[in-house]
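Below is one structure, written out as structure tokens, with a few remarks after it.
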Amino acid sequence: MPDGDVEPVIVRLEGVRKAYKETVAVEHVDLEVRRGEFYTLLGPSGSGKTTTLRLIAGFEKPDRGVIELSGADVTGKPPYERDINTVFQDYALFPHMTVAENIAYGLHAKGVPKHECTVRVEEALRMVRLENFGERQPAQLSGGQRQRVGLARAIVNRPKVLLLDEPLGALDLKLRQEMQSELKRIQEEVKITFLYVTHDQEEALTMSDRIAIFNQGRIVQIGSPTEVYEEPADEFVAGFVGTSNILKRDGRRFVLRPEKVRVAPLGQLFDEAGLHTEEGIVIEAVYVGTFTRYAVGLADGTRIVAIRQNFDRTTACFREEQGSRVQVAWRPDNLFELR
Ligand code: ADP
């Protein structure tokens, strides 16, 4: 988001707690989402993301804390008094209505005049690239297209904030990746603030302006994709967002990302000076197509995972590399110390 710092705060949570009987779902949740941001709540299953979204939507009431929308306290307000829409994974389209009727439904309910409805539905269909699908029935659409209709149905209301709870969870990998770029494009076009829930770290990294990382009902870090990846707040974040090597040196702990580790046969020189180099033995070499992943055991017992991009075509059998002696190297400034 350009000029992010000057945009006003649209959603604000302070000291929010919610328990279901003895299960504390979220606690001490503080966050501020700015206008136009693509803001993601990322964490493993059961870490409190959906509860946070439901509290913001007004489906749940916090036991403690304050929820503000555009500076106004809405903590005690019902969902319909909040300028918010939600897109769920299960799009729940009305099967007996056309796509256009599904999208127009909320507008009719609000008493928007008919001609304005038509214009806004067409605009929403164009946004999600389904211009010629208005007269179809939901059953005649693919999963990805149904997902777009679900999105169109929400953006047609032009809410201040759109809440999205794992909206791509039901799609297969390829379609999910396509929809990630689409969602980002749509968000930039409609300029609606998106609050997005996912447990998928790649999804969070590729789409978000900022990410709040949840662990056991608490936010453990808030930052841009590069901040949470390159400078994780703790070992949990380092392990949950991407893969990490944790190196222990003189009682200190450092994160070293696998793609920052070079691997080479013994004796071969690295193409860069000033690298920290160690010898080790290949425990495992896995060919993944675009890259090969190595696990290398160092003399002190540390296991280092390294990723080497396959710049050249190969038919090598990587099993043969297992047990061979290699050297691993990294730039010392690529170590990030954990607090
Ligand atoms: P996430 O969205 O990160 O998977 P949730 O917010 O759904 O996590 O859940 C957080 C915790 O609260 C979990 O331990 C979950 O079992 C519990 N929880 C969520 N909703 C309810 C509910 N309606 N009743 C009882 N426990 C719930």
Side-chain angles (χ1 to χ4, degrees), residues 11-33 37-69 74-80 82 84-92 147 150-151 154 159 161-171 173 176 179-180 183 187 193-223 225 228-229 232-242:
V11 180
R12 193 170 156 270
L13 271 64
E14 193 190 319
V16 168
R17 178 185 196 271
K18 173 74 189 171
Y20 299 98
K21 298 209 176 86
E22 66 280 6
T23 308
V24 180
V26 293
E27 197 165 29
H28 301 297
V29 167
D30 297 323
L31 61 85
E32 286 189 347
V33 183
E37 258 192 310
F38 196 124
Y39 195 103
T40 298
L41 313 182
L42 172 68
S45 176
S47 60
K49 310 177 298 289
T50 298
T51 300
T52 304
L53 217 60
R54 291 176 59 79
L55 287 162
I56 294 169
F59 301 135
E60 303 281 358
K61 271 208 183 95
D63 310 326
R64 228 178 276 155
V66 177
I67 298 173
E68 287 176 10
L69 294 179
V74 297
T75 314
K77 291 230 166 110
Y80 56 84
R82 305 181 183 199
I84 280 185
N85 268 92
T86 308
V87 179
F88 298 100
Q89 187 185 110
D90 148 27
Y91 343 110
Q147 213 288 326
L151 193 62
V161 180
L162 193 58
L163 307 180
L164 303 103
D165 194 355
E166 305 253 1
L168 309 183
L171 307 178
L173 178 65
R176 204 158 72 221
M179 280 303 294
Q180 287 170 17
L183 267 179
Q187 193 265 341
T193 307
F194 274 31
L195 241 162
Y196 193 96
V197 160
T198 184
H199 64 273
D200 182 321
Q201 47 102 7
E202 189 182 309
E203 203 162 286
L205 291 176
T206 52
M207 293 194 292
S208 317
D209 295 307
R210 278 196 300 160
I211 303 171
I213 298 180
F214 280 70
N215 186 20
Q216 298 182 342
R218 292 169 186 242
I219 294 178
V220 287
Q221 186 171 12
I222 295 176
V228 299
Y229 185 79
D234 60 18
E235 201 161 329
F236 168 80
V237 177
F240 189 72
V241 184

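Each ligand, and each atom within it, is numbered from 1 in the order the structure gives.
- R218 places no side-chain N or O within donor-acceptor distance of the main-chain N or O of H28, the cut-off being under 3.5 Å.
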For ligand 1, run through the N/O pairs with the protein that fall under 3.5 Å and put one pair on each line.
from, atom 1, to, atom 2, distance (Å)
ligand 1, 2 (O), T50, N, 2.8
ligand 1, 2 (O), T50, OG1, 2.8
ligand 1, 3 (O), S47, N, 3.0
ligand 1, 3 (O), S47, OG, 3.4
ligand 1, 3 (O), G48, N, 3.0
ligand 1, 3 (O), K49, N, 3.1
ligand 1, 3 (O), K49, NZ, 2.8
ligand 1, 4 (O), G46, N, 2.7
ligand 1, 6 (O), T51, N, 2.9
ligand 1, 6 (O), T51, OG1, 2.6
ligand 1, 8 (O), G48, N, 3.1

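- With L205 as the fixed residue, the side chain to side chain contact (heavy atoms under 4.5 Å, CB included) test singles out one of T40, I211, L42: I211.
- In the displayed structure, Q216 atom CD is contacted under 6.0 Å by at most 12 heavy atoms of other residues, nucleotides or ligands.
- Side-chain contact, E203 with Y196: a donor N or O sits under 3.5 Å from an acceptor N or O.
- Formation of a donor-acceptor pair under 3.5 Å by the Q147 side chain with backbone atoms of P167 is found in this model.
- The number of heavy atoms from other shown groups lying within 6.0 Å of OH (Y20) is above 12.
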